[in-house]
Amino acid sequence: MTIAQGGVRGWAAHRKGHLSRLRFTSLRLRLVVVFGLVALTAAVSASGIAYWLNREAVLTRTQDAVLGDFKQAMQTRAGTLPARPTQDELQHTAGQMANSSQRFSVLLVARNSKGETVYGSSGGLDGFSLRDVPESLRAAVDKKQSVDPGSGNKYAYHLYWQRVIDHGTPYLVAGTRVIGGGSTGYMLKSLEPEAKDLNSLAWSLGIATGLALVGSALLAQAAASTVLKPVQRLGVAARRLGEGKLDTRLRVSGTDELADLSRTFNDAAEALEKRVDDMAGRDEASRRFVADMSHELRTPLTAITAVTEILEEELEAESGSIDPMIEPAVRLVVSETRRLNDLVENLMEVTRFDAGTARLVLDDVDVADQITACIDARAWLDAVELDTERGIHARLDPRRLDVILANLIGNALKHGGSPVRVAVRTADDQVVIAVRDHGPGIPEDVLPHVFDRFYKASASRPRSEGSGLGLSIALENAHIHGGEITAANSPDGGAVFTLRLPRDASALTQEADGEAKQGDA
């Protein structure tokens, strides 16, 4: 049988949801367990008390009826026997006594005219015998009490009884002597019918306890669904809010505490959405301002750059057309114009990253050739050592890779110490480029901020001529490739910037395009 993949995933998700709701730490399971324990305790206690009360009532009622009949039979039947009866007389009287409505066995013991002990049993010679009577009961029956009418003891002998179990069957055994002297009588009554009735009662109470437990579990499940469903909806809404779906709201019904919680959540979500919209609007306005400002600055900067180039040519000419008195000012204007031009270009690049409009233009790049071209274009060949193998290719954006390398190597030359060493290796479908200088290294309190925009560690490094955006732009260019840049200090001295880029960034580009299309849809 073939099952659709979506059906399997749906079934798995449904099962996972049920299992997550029934894990031990969940409120639902704890509520069911607590309800079950309370119901079980109450049911067991009530069943135990009911069983004990019914057991005592049943046994006491049966016992009183049997002992009453036996006592009456001893008075009316055994009391009419002669003082020295024969065995036949005892046997006949025992049989008559056993014909009582209670159907108990009777044993009569007396002495005949010869002084011999004779027995009479209602069950014959193999029936109820003296060995079936506990010795303690026989001793109590034969013990003569002192007669004192003032204390309430009017008779020398009394009726005694005891419950015994023989081969798993309960019995009632009783004994007494005839008032005024004569034979001694013992009675044996099986309590098996009463035991069966009590066992049936115990089974009924056990079934009732089980039903109460099941009912409490169902009641707890219903209560959990009623109480926890709003909490579950609140959790789902909170997750959606955390995923950025700020328009998430809860349906409010009722006036209880959960309804108040839902209203509070909706108010908080509405305030958060408004705050985020305001911040997004201000951020968009700020980016637009930077972009517009950079764009507007490019036109006058183009004219200023053209003039500074002419002034620079005049400075380099041997004719000496520039007055020596103003030559330092001209050189400062040329230098600051270059800085301003670089700052505007960097601001334009940062704006593209913030707006999400930066795109990769991928090409097959020989990493060693790309690094050599970057160093050569900036006349850094004498200050940089290159440690790499030829033939390491990667599919990257050459322009953005050049920006990354120029910023990392230029930063090492400005703030570190020569020579700067650039090492290239491959690891797990990645190209790893390490740029190390021989300077004093980066202070530990500065390391977390080296990639922050406009950050300059002026307290620990010489005054830089940069804008403080170079490393930030390098990191953004690495991220757009799906890579990373880390900064650390080498154990041998100096700072080390490590660039990790995938050897093929086209997969990342396709994934980003797919997400963009899905978002448009």
Side-chain angles (χ1 to χ4, degrees), residues 287 290-291 294-295 298 341-342 344-378 380-381 384 386-412 420-436 450-451 453 466-467 469-487 496-521:
R287 286 199 302 266
V290 173
S294 302
H295 182 74
R298 295 187 70 176
N341 197 33
D342 291 341
V344 171
E345 291 298 329
N346 287 338
L347 287 174
M348 293 290 291
E349 188 72 8
V350 168
T351 304
R352 294 188 193 99
F353 283 122
D354 289 345
T357 58
R359 293 290 182 268
L360 294 176
V361 180
L362 300 177
D363 194 4
D364 290 329
V365 175
D366 188 306
V367 178
D369 291 344
Q370 184 72 23
I371 297 175
T372 302
C374 175
I375 296 173
D376 186 36
R378 293 162 179 82
W380 292 338
L381 288 175
V384 178
L386 182 59
D387 179 14
T388 181
E389 298 179 359
R390 298 288 175 179
I392 298 178
H393 290 269
R395 187 163 180 78
L396 304 168
D397 187 327
R399 184 185 71 83
R400 297 188 182 278
L401 178 59
D402 181 76
V403 171
I404 298 173
L405 294 171
N407 278 294
L408 294 181
I409 298 173
N411 182 77
V420 173
R421 188 170 183 270
V422 181
V424 183
R425 59 186 176 86
T426 58
D428 299 332
D429 295 331
Q430 285 187 331
V431 176
V432 182
I433 303 174
V435 179
R436 176 191 170 193
V450 292
F451 295 106
R453 295 177 181 177
S467 61
L469 291 173
L471 290 178
S472 174
I473 292 175
L475 182 62
E476 294 289 351
N477 279 298
H479 285 169
I480 201 174
H481 280 89
E484 185 61 68
I485 303 177
T486 56
V496 180
F497 286 82
T498 304
L499 169 66
R500 292 179 174 84
L501 295 176
R503 299 193 68 171
D504 187 0
S506 59
L508 180 68
T509 304
Q510 294 172 1
E511 182 179 350
D513 292 341
E515 291 179 355
K517 291 179 180 179
Q518 184 178 0
D520 294 339

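Throughout, numbering of the chain's residues begins at 1 and tracks the sequence.
- Considering all non-hydrogen atoms of both residues, A434 and V496 come closest at CB-CG1, 4.4 Å.
- With sequence neighbours left out, R395 forms a side chain to side chain contact (heavy atoms under 4.5 Å, CB included) with L362, D364, D504, S506.
- Taken to the nearest 0.5 Å, the CD atom of E389 stands 12.5 Å off from the CZ atom of R425.
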Quiz item: Please walk me through it: do I485 and I404 pass side-chain contact (heavy atoms from CB on, under 4.5 Å)?
Solution: CA-CA 10 Å; I485 303 177; I404 298 173; 4.1 Å; yes
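- The CZ atom of R421 sits 4.0 Å away from the CG atom of D387 when rounded to the nearest 0.5 Å.
- In this structure, L471 and F497 have side chains that are in contact, with non-hydrogen atoms separated by less than 4.5 Å.
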Practice problem: Kindly determine whether V422 and T388 satisfy side-chain contact (heavy atoms from CB on, under 4.5 Å), including the steps that lead there. | Solution: CA-CA 8 Å; V422 181; T388 181; over 6 Å; no
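- Among all heavy-atom pairs drawn from A406 and W380, the shortest one is O-CH2, 3.6 Å.
- Counting heavy atoms from C-beta on, the side chains of I375 and I409 come closer than 4.5 Å.
- To the nearest 0.5 Å, the span separating CG on L405 from CD on Q370 amounts to 7.0 Å.
- With sequence neighbours excluded, the residues that form a side chain to side chain contact (heavy atoms under 4.5 Å, CB included) with E484 are L475, H479, T486.
- Using a 4.5 Å heavy-atom cutoff, the side chains of N477 and N407 are not in contact.
- Under the 4.5 Å side-chain criterion, counting only non-hydrogen atoms from C-beta, N411 is not in contact with V450.
- Here the side chains of L401 and L501 are in contact, with some heavy-atom distance below 4.5 Å.
- Distance check: R503 CZ to L396 CG gives 10.0 Å after rounding to the nearest 0.5 Å.
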Practice problem: Kindly indicate, with the supporting measurements, whether the criterion side-chain contact (heavy atoms from CB on, under 4.5 Å) is fulfilled by L386 and T372. | Solution: CA-CA 8 Å; L386 182 59; T372 302; 3.5 Å; yes
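- Annotation: salt bridge (charged side-chain N to carboxylate O under 4.0 Å, His left out) contacts involving residues 367-378, sequence neighbours excluded, comprise D369-R390, R378-D402.
- Put simply, the side chain of V361 does not reach to within 4.5 Å of the side chain of R399, judged on heavy atoms.
- Within the 3.5 Å criterion, the main-chain N or O of D397 finds a donor-acceptor partner in the side chain of H481.
- Minimum heavy-atom separation, G391 to D366: N-OD2, 3.7 Å.
- With V424 as the fixed residue, the side-chain contact (heavy atoms from CB on, under 4.5 Å) test singles out one of L499, V432, V431: V431.
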